[in-house]
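For reference, the structure discussed in these notes is given below.
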Amino acid sequence: MIENLITLAEAARLLPGNPSPSSLWRWRTKGCHGVKLRAWLIGGRWHTSREALQAFVAATTAAAQAASDDDAGERSPGLARELEAAGVLS
């Protein structure tokens, strides 16, 4: 495995808006906008990666934009900057 794994709690701290680790758990199990967060069970604990977070954010954003006539993503450059600064988007 090439990706650097982090716990769901560590991943939650990387994201703007301070989602709880339970949100990441829900994204892993139920998904958001039809997209599930990729994660691995290792030693009884769930892990994900920055790469998986980046893919999840990109896929859920695309799904949300496709479901909306309003392209809100282009009007929120601040959020994109926050995600880039956190290392979630490249």
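- Looking only at side-chain heavy atoms (C-beta outward), L53 and F56 stay at 4.5 Å or farther from each other.
- The nearest pair of heavy atoms linking P16 to P19 is O-CD, 3.7 Å.
- Every residue meeting the side-chain hydrogen bond (donor to acceptor under 3.5 Å, both in side chains) condition with S22, not counting sequence neighbours, appears here in chain and number order: S20.
- Atom CG of L5 and atom CD1 of I42 lie 4.5 Å apart (nearest 0.5 Å).
- Across all their heavy atoms, W46 and W25 have their closest contact at CD1-CZ3, 3.0 Å.
- Closest approach of L14 and R50 over heavy atoms only: CD2-NH2, 3.5 Å.
- Each salt bridge (charged side-chain N to carboxylate O under 4.0 Å, His left out) pair with one or both residues in residues 12-30, not counting sequence neighbours, would appear here, but there are none.
- Residues satisfying the salt bridge (Lys or Arg N to Asp or Glu O under 4.0 Å) test with R38, not counting sequence neighbours, are E3.
- Atoms CG and OG1, from N4 and T48 in turn, are 12.0 Å apart once rounded to the nearest 0.5 Å.
- Contact between T60 and H33 at its shortest, heavy atoms only, is O-CD2, 4.1 Å.
- Residues A52 and L37 come closest through the heavy atom pair O-CD1, 3.8 Å.
- Looking only at side-chain heavy atoms (C-beta outward), Q65 and T61 come within less than 4.5 Å of each other.
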